[in-house]
Structures are given as structure tokens and as C-alpha cells.
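Here the structure comes first, spelled out in C-alpha cells, and everything after it is commentary.
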Amino acid sequence: MKSPLTPQQIQIMKDDLSIELAEMLIDEFHYSPQKALDVLYTSDTFERLQDDETGLYYQSAGYVYSFLSDEIKTPNVA
């Protein structure tokens, strides 16, 4: 299904959501702004957010943050 949004609108939504997610990391984990962005940008959640096919950019910050928070709290078992 093609999105009714332009690529620019989708990118703005992703950027706004990323700002909210970073702020939530700062609040919950007491990260510095730089650390919050580093954690966000290197997460699997951020990778999925950037993939238009997932539609995560349409979701609330709280919903997406639940995945990010779980990812941080759960050790990588790879």
C-alpha cells in the first residue's frame, strides 16, 4: 500500500519521532543528549524506524519507545 505522504513528510515524521525517543532516553536512563542519540542511532529499533515498510513512523513515540527500551534492557543474545 502506497503512503499518501510525500517522502519529505515521512522524513519529518521520522525526525520528530527520533527527537521524542532521544528525550525519552534522557528522562528514563539519564543519558546525556549525545549518549541518547548514540544509543538511538545504533539501535535495531531505529533501523526499523528508518524502513518505510515497517510503518513505525506512523506510531506514537510511546509505542516505538517500548521497543527501544526493551532492546536496551535486554542483553543481546547473538
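Note that the structure is predicted; figures quoted are calculated from it, not measured. Atom set for the values below is all heavy atoms of this structure, side chains included, hydrogens, waters and symmetry mates excluded.
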Does I72 form a side chain to side chain contact (heavy atoms under 4.5 Å, CB included) with Y31? I'd like the steps, not just the answer. CA-CA 12 Å; I72 292 167; Y31 290 154; 3.9 Å; yes
Side chain to side chain contact (heavy atoms under 4.5 Å, CB included) between S69 and F29, intermediate numbers included: CA-CA 9 Å; S69 179; F29 294 98; 4.2 Å; yes
Stepwise side chain to side chain contact (heavy atoms under 4.5 Å, CB included) test for L25 and Y65: CA-CA 9 Å; L25 287 172; Y65 185 75; 3.8 Å; yes
Side chain to side chain contact (heavy atoms under 4.5 Å, CB included) evaluation trace for Y63 with L56: CA-CA 9 Å; Y63 178 77; L56 274 182; 4.2 Å; yes
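Residue A36 comes nearest to A22 through the heavy atom pair CB-O, 3.7 Å, listed as atom of the first residue, atom of the second, then distance. For M24 against G62, the heavy-atom pair with the smallest separation is CE-CA, 4.0 Å. The shortest non-hydrogen separation linking L40 to S18 is CD2-O, 3.5 Å. Taking every heavy atom of both residues into account, I26 and S32 meet most closely at CG1-O, 4.2 Å. Here the shortest heavy-atom pairing between A61 and E20 reads CB-OE1, 3.4 Å.
When hydrophobic clusters are built by joining Ile, Leu, Val, Met, Phe, Trp and Tyr residues whose side-chain heavy atoms come closer than 4.5 Å, directly or via intermediates, L17 is grouped together with Y58. Note: the hydrophobic cluster containing I19 does not contain F67 (ILVMFWY, side chain heavy atoms under 4.5 Å, direct or indirect links). Using a 4.5 Å cut-off between side-chain heavy atoms of Ile, Leu, Val, Met, Phe, Trp and Tyr, with links allowed through other members, F46 and I10 fall into the same hydrophobic cluster.
Taking the side chain as every heavy atom from C-beta outward, E28 and K73 approach each other to under 4.5 Å. The shortest distance between side-chain heavy atoms of L21 and L49 falls below 4.5 Å. For the pair L5/Y57, a side-chain contact is recorded, criterion being any heavy-atom separation below 4.5 Å from C-beta on.
Among residues at least two apart or in separate chains, salt bridge (charged side-chain N to carboxylate O under 4.0 Å, His left out) pairs with a member in residues 32-53 are K14-D52.
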